[in-house]
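By convention in this document, chain letters (A, B, ...) are assigned in the order of the sequence lines, proteins followed by strands, and residues within each chain are numbered from 1. Reckoned from all heavy atoms, side chains included, excluding hydrogens, waters and symmetry mates. Owing to the predicted nature of the structure, the values given are computational and were not obtained by experimental measurement.
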Amino acid sequence: MEHLELFFKSIFIDNMVFATFLGMCSYLAVSKKVSTAVGLGAAVIFVMAVTVPMNWLLDQYILRDGALAWLGPEYADYNLGFLSFILFIATIATMVQLVEIIVEKFAPALYNSLGIFLPLIAVNCAILGGSLFMQSREIPSLALAFNYGISSGIGWFLAILAIAAIREKIRYSNVPPALRGLGITFILTGLMAIGFMSFGGMLTGDNPVPEAPVEETATVVEDKKEELKEEKRADVISYNDLNK
Amino acid sequence: MGLLSKKDAALIKDPLFDNNPITIQVLGICSALAITAELKASIVMGLSVLFVLGMGNVVISLMRNIIPSKIRIIVQLVVVAALVIIVDQVLKAFAYELSKTLSVFVGLIITNCIIMGRFEAFALGNGPWKAFLDGIGNAGGYAIILVIIGFFRELLGSGTLLGFQVLGDPIAKTGVYALGYENNGFMLLSPMALIVVGLIIWVQRARNPKLQESH
């Protein structure tokens with residue numbers, strides 16, 4: 001159940017492209033044709049499924065506060081968290097090179113279809129973003145990290161596939177000349193993102209009182225407003241006092 | 001500009017408008033969209049990228065003759081990552097709240113395509129001074145767009161600029177709120193950033209037809 005929840009959540013609700021805008025550059029640059037979009041999307045799924053668990057292990061056993069305790073009690077106080085950017089990106093860059101070499105050796109057909117895209121992926125922010133979100137959301141186990149990597153990759157794949165299909169069709173529409181190409185793609189992505197926001201309520205399905213969270217936020221807002229008002233009043237009073 | 005020759009000045013000026021990294025070169029979109037709900041975050045992000053790209057371009061340009069071309073991507077990533085760690089630590093030390101708002105997006109400066117793009121396209125083939133100017137220019141162009149998006153999103157979304165209530169008090173109904181104006185909370189949601197960028201591109205290309213694409 002936990003796995004299924006994370007899977008749907010990272011594909012639809014926290015979609016890499018529509019919710020967090022990661023991997024936008026290649027998303028915009030490589031989405032002119034469906035066939036190339038599929039190639040890049042597949043490569044992203046593959047690399048994310050490899051790098052997110054790798055970085056999870058790094059985070060768990062080297063980087064986080066007290067992670068070095070397995071080396072001995074004198075290492076238990078170290079927190080190497082500030083090194084995570086450099087270690088994560090080094091892992092990703094080397095993994096991409098490694099994957100490229102392995103795929104070239106054992107699956108030349110796949111290499112020919114993915115080949116050009118693999119080096120591009122090292123600088124795709126969706127990959128590094130996946131690892132950083134994995135770290136900041138504190139994904140608890142290796143299996144879940146693997147799941148998170150794969151499902152975020154699938155979410156990205158779906159997004160680029162959809163925009164590529166729309167861009168192939170929109171060629172036949174009469175778009176204002178200044179908006180053609182990049183401009184309309186941005187606005188389309190915005191509209192798709194609004195559509196994807198409607199998935200937000202998907203996982204509250206088995207919640208016994210589905211409206212509870214809404215009420216809570218409403219009351220919080222009201223509380224804040226009241227607090228603000230009270231602060232205002234306090235200000236006014238002190239101001240008056242000063243005047244006296 | 002007496003200090004700079006015409007060519008050098010063009011290095012700074014071109015990327016600000018006619019060759020803007022975001023609206024024309026389509027680089028560095030990811031972070032431009034996610035953190036622009038507030039003007040303050042946009043400005044800090046712009047400054048961080050200015051620092052990383054300016055310094056990074058100089059470092060890469062100084063090393064351009066000794067980097068083997070096969071592993072240059074890894075070398076570039078390590079240089080950027082080191083600079084970004086500096087920015088991240090400084091933000092955490094002096095502006096902790098802000099670094100929480102920016103969350104992973106400071107880290108994502110590493111994979112900001114503007115940086116890799118400028119390293120590949122410019123710093124690897126030019127001297128340090130030119131590379132520095134190019135870095136400043138491109139990061140400036142990026143920052144300008146960020147500030148424009150942040151300005152409109154914060155003004156229309158929460159009626160504030162840099163946290164100051166410029167349109168009056170929405171609760172006490174002063175200023176424009178007395179006329180029945182309401183904040184458009186939708187502007188704070190992420191999809192609106194995309195649409196605002198789309199509109200900026202529209203305005204820019206309508207003013208300068210040379211930039212228009214056929215499709």
Side chain, backbone, both or neither: which part of A:L28 has an atom under 4.5 Å from a heavy atom of chain B? side chain
Which region of A:A126, side chain (C-beta onward) or backbone (N, CA, C, O), has a non-hydrogen atom less than 4.5 Å from a non-hydrogen atom of chain B, or is it both or neither? neither
Does CE in B:M55 sit with more than 12 non-hydrogen atoms of other residues, nucleotides or ligands closer than 6.0 Å? no
Portion of A:F18 that has a non-hydrogen atom of chain B nearer than 4.5 angstrom: backbone
How long is the span from the CH2 atom in B:W202 to the CD1 atom in A:I187, to the nearest 0.5 Å? 7.0 Å
Heavy-atom contact with chain A under 4.5 Å, split by part of B:I115: neither
A:L128 side, atom CG; B:I109 side, atom CD1 - distance, nearest 0.5 Å: 11.5 Å
One should read off an interatomic distance between B:L77 CG and A:I86 CD1, to the nearest 0.5 angstrom, of 10.0 Å
Find the one option among B:G198, B:P191, B:A206, B:A81 whose heavy-atom pairs under 4.5 Å with chain A are most numerous. B:P191
Where on A:M192 is there a heavy atom nearer than 4.5 Å to chain B: the side chain, the backbone, both, or neither? neither
Can you tell me how far CD1 of B:I200 sits from CZ of A:F186, rounded to the nearest 0.5 angstrom? 9.5 Å
Rounded distance (nearest 0.5 Å) linking atom CG of A:L191 with atom CD1 of B:I195: 5.0 Å
Of the backbone (N, CA, C, O) and the side chain (C-beta and beyond), which part of A:T189 lies under 4.5 Å from a heavy atom of chain B, both, or neither? both
Does a side-chain heavy-atom distance below 4.5 Å link A:L182 with B:R205? yes
